[in-house]
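Remarks on the structure that follows.
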Protein chains: 2
Amino acid sequence: MRWDALEEEPCSMARTIGVIGDRWTLLILRECFLRTRRFEGFQSALGITRHLLAERLKKLVRQGVLRRIPYQEAPKRHEYILTQKGLDLYPIMMAIVHWGDTHMVDTRGRPLLHQHRKCGKNFDPVMVCSECNEPLSAKEVHTHPGPGARSTPAITAPEKPKAKARRSTA
Amino acid sequence: MRWDALEEEPCSMARTIGVIGDRWTLLILRECFLRTRRFEGFQSALGITRHLLAERLKKLVRQGVLRRIPYQEAPKRHEYILTQKGLDLYPIMMAIVHWGDTHMVDTRGRPLLHQHRKCGKNFDPVMVCSECNEPLSAKEVHTHPGPGARSTPAITAPEKPKAKARRSTA
DNA sequence: CTTTACAGTTCTAAAAACGAACTGTCAATT
DNA sequence: AATTGACAGTTCGTTTTTAGAACTGTAAAG
């Protein structure tokens with residue numbers, strides 16, 4: 001699969017993965033949220049090769065996730081800062097961190113705590129329904145096609161019409 | 001960087017990225033949440049090479065995200081189903097989908113709608129503070145070291161002590 | 001007895017990532 | 001005046017991953 005093809009797929013998840021779905025990009029974005037702004041900052045924090053870093057930053061700028069802002073003339077220098085589109089990735093980041101906090105911690109506990117300025121407490125992020133404010137879990141959600149769903153299913157492998165379950169121990 | 005090293009880092013995000021932070025893995029998990037369970041199902045839905053699919057499934061099983069359950073003897077066949085650890089990835093998936101719905105839709109609108117069984121309505125996922133239930137945004141959150149923070153910063157590049165800003169147009 | 005479903009494994013070619021060195025501008029140091 | 005260091009990349013040869021297609025093996029169906 002060509003990875004830029006992901007952005008054309010009629011699936012918001014595939015499209016998003018096309019933008020942020022690789023390891024370095026996610027780590028670069030972590031650094032952005034931790035207030036890193038400059039090339040050397042990213043490079044030394046992550047140990048990414050300079051080549052790849054340059055490429056990933058370019059892509060994030062192209063996608064509108066980061067903005068490249070000059071902070072000095074003479075040797076032209078730029079900072080990379082999150083746009084609103086980039087800031088909106090925050091729930092994804094927090095969800096990733098929280099899963100790690102829940103399932104990947106060692107005996108010492110979590111590496112990082114998060115404090116909510118509004119209420120002053122250390123918190124966990126919780127995902128709730130926008131309509132009833134109840135916490136969400138996979139089993140309580142029903143998925144159905146929306147207006148942007150694929151009309152011509154030509155791209156997918158054609159459904160084999162003769163799908164007769166041989167044995168169904170399942 | 002060796003990618004399995006990510007799981008040792010004192011950062012819940014890095015550790016999580018070590019498990020799910022690549023394109024195919026995320027797409028495989030999407031399929032899992034859409035109730036795909038079998039090898040051929042994943043393969044034909046995604047167009048992933050069989051080789052990589054086998055490898056990724058193995059890794060997800062090793063990580064405890066999927067469980068490999070026999071559904072027939074004689075050719076031994078297995079299904080891959082989400083464990084609780086895997087189901088807990090749901091907020092990450094929803095956050096990714098929601099970002100795509102917000103920032104990557106074309107004129108036709110969202111490909112998929114989500115209905116909450118409890119309240120019956122189509123919804124968006126919202127991330128809130130576990131303590132005060134207010135929606136979260138990056139700027140309202142302060143991050144500080146937890147018990148599992150790195151005690152010996154030997155792995156990171158040593159902080160250059162003489163960091164004297166040459167020019168600060170910033 | 002040939003085909004099909006299914007779950008992989010094996011192989012070679014192509015693409016991506018790594019690692020280290022190099023380019024270029026300017027300020028500060030010697 | 002010459003050298004060093006900060007900074008933001010680019011270039012290039014090597015190694016690792018991924019793609020793509022074919023092959024293996026079991027058993028039911030036609």
Side-chain angles (χ1 to χ4, degrees), chain A residues 1-6 18 21-28 31 36-61 66 68-81 157-170, chain B residues 1-6 21-28 31 36-61 66 68-81 157 159-170:
Chain A
M1 182 189 276
R2 297 182 342 277
W3 281 113
D4 48 331
L6 272 181
D22 86 290
R23 288 156 139 101
W24 283 127
T25 300
L26 286 166
L27 290 171
I28 289 168
E31 289 306 308
T36 300
R37 294 160 131 79
R38 300 184 184 180
F39 193 93
E40 291 293 317
F42 291 109
Q43 205 281 320
S44 67
L46 298 177
I48 184 176
T49 64
R50 311 176 74 75
H51 179 61
L52 264 206
L53 176 57
E55 196 154 81
R56 293 290 190 270
L57 288 174
K58 247 178 226 159
K59 181 171 179 193
L60 287 170
V61 169
L66 298 179
R68 191 156 170 272
I69 297 193
Y71 69 92
Q72 88 180 17
E73 293 298 315
K76 275 232 168 210
R77 291 284 182 268
H78 301 83
E79 293 188 315
Y80 297 89
I81 69 158
E159 283 297 336
K160 318 276 164 54
K162 42 175 181 176
K164 36 190 165 185
R166 265 193 318 162
R167 279 155 302 199
S168 49
T169 317
Chain B
M1 182 190 277
R2 294 182 344 278
W3 282 112
D4 48 332
L6 272 182
D22 87 289
R23 290 158 137 101
W24 282 128
T25 299
L26 286 166
L27 289 171
I28 289 167
E31 289 306 307
T36 300
R37 294 157 130 80
R38 300 184 184 178
F39 193 93
E40 290 294 317
F42 291 110
Q43 205 282 320
S44 66
L46 298 177
I48 184 176
T49 65
R50 310 177 75 77
H51 179 60
L52 264 206
L53 176 57
E55 196 153 80
R56 293 289 190 270
L57 287 174
K58 248 179 223 157
K59 181 171 178 192
L60 287 169
V61 169
L66 297 179
R68 192 156 168 272
I69 297 192
Y71 70 91
Q72 89 180 15
E73 292 299 315
K76 274 231 169 209
R77 291 283 181 269
H78 302 84
E79 292 190 314
Y80 296 89
I81 68 157
E159 282 297 334
K160 319 276 164 55
K162 42 173 181 176
K164 37 191 164 183
R166 264 194 319 162
R167 278 158 303 202
S168 46
T169 318

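None of the values given here were measured: they were computed from a predicted structure. Just so it is clear: chains get the letters A, B, ... in the order the sequence lines come, proteins before strands, and each one is counted from 1. Any value given below was found using the heavy atoms of this structure, including those in side chains, with hydrogens, waters and symmetry copies removed.
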In whole angstrom, give the distance that lies between atom [atom1] of [X] and atom [atom2] of [N].
{"X": "A:Gln43", "N": "C:dC18", "atom1": "CD", "atom2": "P", "result": "11 Å"}
{"X": "B:Phe39", "N": "D:dT26", "atom1": "CZ", "atom2": "P", "result": "18 Å"}
{"X": "B:Arg37", "N": "C:dA7", "atom1": "CZ", "atom2": "P", "result": "13 Å"}
{"X": "B:Arg77", "N": "C:dA5", "atom1": "CZ", "atom2": "P", "result": "13 Å"}
{"X": "A:Leu52", "N": "D:dA8", "atom1": "CG", "atom2": "C1'", "result": "16 Å"}
{"X": "A:Leu57", "N": "D:dC7", "atom1": "CG", "atom2": "C1'", "result": "14 Å"}
{"X": "B:Leu66", "N": "C:dA7", "atom1": "CG", "atom2": "P", "result": "14 Å"}
{"X": "B:Trp3", "N": "D:dT18", "atom1": "CH2", "atom2": "P", "result": "11 Å"}

Any side-chain heavy-atom pair from [X] and [Y] closer than 4.5 angstrom?
{"X": "A:Asp22", "Y": "A:Arg56", "result": "yes"}
{"X": "B:Ile48", "Y": "B:Leu27", "result": "no"}
{"X": "B:Thr36", "Y": "B:Leu46", "result": "no"}

Select base, sugar-phosphate, or nothing to describe what [X] touches, counting heavy atoms under 4.0 Å on all strands.
{"X": "A:Arg23", "value": "nothing"}
{"X": "B:Tyr80", "value": "sugar-phosphate"}
{"X": "B:Arg56", "value": "sugar-phosphate"}

Ion pair check, B:Arg38 and B:Glu31, cut-off under 4.0 Å: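 A salt bridge is absent here (no side-chain N lies under 4.0 Å from a carboxylate O).
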Nearest to the side chain of [X] - [options]?
{"X": "B:His51", "options": "C:dG19, C:dC6, C:dT10", "value": "C:dT10"}
{"X": "A:Pro75", "options": "C:dC26, C:dA7, D:dT11", "value": "C:dC26"}
{"X": "B:Arg38", "options": "C:dG19, C:dA7, D:dA19", "value": "C:dA7"}
{"X": "B:Glu40", "options": "C:dA17, C:dA7, D:dA8", "value": "C:dA7"}

Does NZ or CZ of B:Arg37 come closer than 6.0 Å to the centre of the six-membered ring of B:Tyr71, within 45° of the ring's axis?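 No.
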Base of D:dA8 paired with side chain of A:Arg50 (donor-acceptor, under 3.5 Å):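 Result: at least one qualifying N/O pair found.
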Compare side-chain N and O positions of A:Lys58 against OP1 and OP2 of D:dA8 and report whether any pair is under 4.0 Å apart.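 Negative; the distance criterion is not met.
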Between D:dA19 and B:Trp24, is there an OP1 or OP2 to side-chain N/O distance shorter than 4.0 Å?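 B:Trp24 to D:dA19 OP1/OP2: side-chain N or O found under 4.0 Å.
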